[in-house]
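Working notes, structure below.
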Protein chains: 2
Amino acid sequence: MMASNRQVNSNTESVDNYLKAILALSGPEEQSVSSTALARRLGVAPASVTNMLQKLASARPPNVEYEKHRGVRLSPEGKRRALEVLRHHRLIETFLYEILDFPIEEVHDEAERLEHFISERFEERIAAKLGHPKFDPHGHCIPAMNGRMPKQRSKSLANLDGDGDFVVESVSDRDSALLKQLKAHGIAPGSRLRVTKSPQEEFILKATRQPKSLRLALSVASAVRIRSS
Amino acid sequence: MMASNRQVNSNTESVDNYLKAILALSGPEEQSVSSTALARRLGVAPASVTNMLQKLASARPPNVEYEKHRGVRLSPEGKRRALEVLRHHRLIETFLYEILDFPIEEVHDEAERLEHFISERFEERIAAKLGHPKFDPHGHCIPAMNGRMPKQRSKSLANLDGDGDFVVESVSDRDSALLKQLKAHGIAPGSRLRVTKSPQEEFILKATRQPKSLRLALSVASAVRIRSS
DNA sequence: CAATTATCTTAGGCTAGCCTAAATACTTAG
DNA sequence: CTAAGTATTTAGGCTAGCCTAAGATAATTG
């Protein structure tokens with residue numbers, strides 16, 4: 001009974017998450033990614049990663065290029081899908097923030113769940129409703145439908161060379177508590193900052209719009225990306 | 001490694017679908033539902049249903065009351081969850097239709113996928129945005145947050161006793177092609193109809209707002225629920 | 001009421017995606 | 001260049017949810 005093995009789009013939630021993680025970890029240079037790095041990022045055992053990579057590589061068309069012990073990178077098809085999911089993610093975040101008035105620190109987790117299940121129509125409609133935005137509420141840029149994504153030229157506040165004046169380009173979306181902290185300090189994409197690096201690996205900031213200066217720990221600073229103003 | 005078996009809310013997509021199906025099939029009288037009926041509705045083999053029912057019954061707290069060979073009905077907990085998912089479904093449908101301008105025949109499938117994954121916050125926000133609607137775009141009533149759902153007193157156009165004037169209360173949401181047809185004929189919740197039952201098991205309708213009368217097959221008529229006007 | 005038929009359950013398998021433990025392959029220090 | 005150490009893969013298991021085939025129970029009917 002039931003010969004209906006609907007296999008229309010064989011991408012599962014789990015596959016999506018692997019592809020997204022590879023995209024994120026391979027960085028703008030598209031370097032190959034190690035199993036352990038993936039395992040850490042995804043919260044699974046390294047053996048599970050190896051297993052999945054073998055599947056991703058032997059899919060037809062393959063989602064990744066993978067050779068034993070040499071790490072993995074996305075194939076064109078895998079990259080296509082990863083960017084599609086990333087686009088979904090960031091559009092949904094923008095939508096939750098702009099249209100449904102979600103607090104910014106809650107948009108990521110919600111988008112993380114929904115991104116795998118929305119249709120092309122849903123994507124198209126929220127994009128239209130939002131006026132085809134180029135950036136999500138964290139300042140990350142939203143891949144275009146054709147899959148192109150301009151590289152952002154910014155650096156982490158944590159790797160700052162010297163002091164100076166900067167504009168916040170983006171903030172990390174993955175830690176809700178951190179994000180709440182940043183919000184409380186008025187730090188968001190577009191904020192102007194005057195930064196001094198203190199000897200104790202802390203960062204002394206003076207946000208233009210804020211009355212008093214503040215001190216950020218390294219962990220917090222690393223969640224903020226800046227460009228010079 | 002990894003002792004983190006996050007089991008916060010053990011309800012899976014599949015469980016949700018079983019509970020929803022039981023709710024739908026048991027009708028307003030909350031009669032018990034047979035395995036085969038469930039199997040047909042869910043598109044799975046009867047054996048799979050039996051299997052799942054055993055799991056649902058032995059969950060703690062149980063989701064269903066189930067005795068071998070005697071069908072199944074929802075436990076209070078199962079009913080709570082089923083109504084929650086139904087509320088999600090209908091709110092999402094309304095949202096897609098009202099806010100995202102989806103064509104009505106597409107809202108069901110989209111809602112069917114998303115209903116399992118939205119958070120309480122998402123639910124609350126779309127409900128607020130929509131003004132806490134009582135009915136979805138098909139005319140089905142949306143269960144309240146507390147789980148109460150008023151019974152709708154209507155009957156299917158297909159089981160009509162005699163001719164007369166009626167108001168469309170609701171249309172079935174499960175068949176997109178059918179829904180498209182009804183839309184083309186201008187039949188939607190609230191439409192006024194003058195109905196004549198023809199000898200060949202067809203229905204001759206004259207919609208108040210439509211220029212000419214039309215003829216509906218039994219299969220189409222059974223997707224329309226009416227009350228006298 | 002017994003026999004046929006229809007419905008339902010049990011038994012045994014399959015795949016996806018995870019796990020642990022053990023083996024193997026790279027890497028690096030001595 | 002070898003030994004220790006780290007990274008990765010293989011092997012073997014587990015659960016969820018589906019399947020088919022076959023057995024058991026209930027319902028129908030002569």
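Keep in mind the model is a prediction, meaning the values are calculated, not measured. Side chains included, hydrogens not; waters and symmetry mates left out as well; all remaining heavy atoms used. In what follows, chains carry the letters A, B, and so on, assigned in the order in which the sequence lines appear, proteins first and then strands, with residues in each chain numbered from 1.
Considering only the side chain of T12(A), dG17(C) comes nearest among dT9(C), dG17(C), dT9(D). When distances run from any side-chain atom of A47(B) to the nucleotides dT9(C), dC18(C), dC18(D), the shortest one goes to dT9(C). Closest contact between the side chain of M52(B) and the listed nucleotides dG17(C), dC19(C), dG17(D) involves dG17(D). Among the nucleotides dT9(C), dG17(D), dC18(C), the one closest to the side chain of S14(A) is dC18(C).
Counting non-hydrogen atoms under 4.0 angstrom, S48(A) reaches a base of the nucleic acid. Among the heavy atoms of the strands lying under 4.0 Å from T50(A) is at least one base atom, whether or not backbone atoms are also near.
Between E93(B) and R90(B) there is no salt bridge, since no side-chain nitrogen of the basic residue lies less than 4.0 Å from a carboxylate oxygen of the acidic one. Here R81(A) pairs with E84(A) in a salt bridge; the nearest charged N to carboxylate O distance falls below 4.0 Å.
Rounded to an integer number of Å, the gap from NZ of K55(A) to P of dT15(C) is 10 Å. The distance between atom CG of L38(B) and atom P of dC18(D), rounded to the nearest whole Å, is 12 Å. Note: CG (N51(A)) to C1' (dC18(C)) measures 9 Å, nearest angstrom. Nucleotide dG17(C) holds its P atom 14 Å from the CD atom of Q54(A), rounded to whole Å. Distance CG (L53(B)) to P (dG17(D)): 13 Å, rounded to an integer number of Å. For the pair E13(A) CD and dG17(C) C1', the computed distance is 12 Å after rounding to whole Å.
Where Y18(B) and R70(A) each meet DNA chain D at their nearest nucleotide, the meeting point lying more 5' is that of R70(A). When each of E67(B) and K68(A) is assigned the nucleotide of DNA chain C bearing its nearest heavy atom, the one mapping closer to the 5' terminus is E67(B).
Between F117(A) and F117(B), the ring planes lie parallel to each other; the angle is under 30°, not in the 30° to 60° tilted range.
Applying the 6.0 Å contact sphere to OH of Y66(B) captures more than 12 heavy atoms from other residues, nucleotides or ligands. Residue-environment remark: NZ (K180(A)) stays at or below the threshold of 12 foreign heavy atoms within 6.0 Å.
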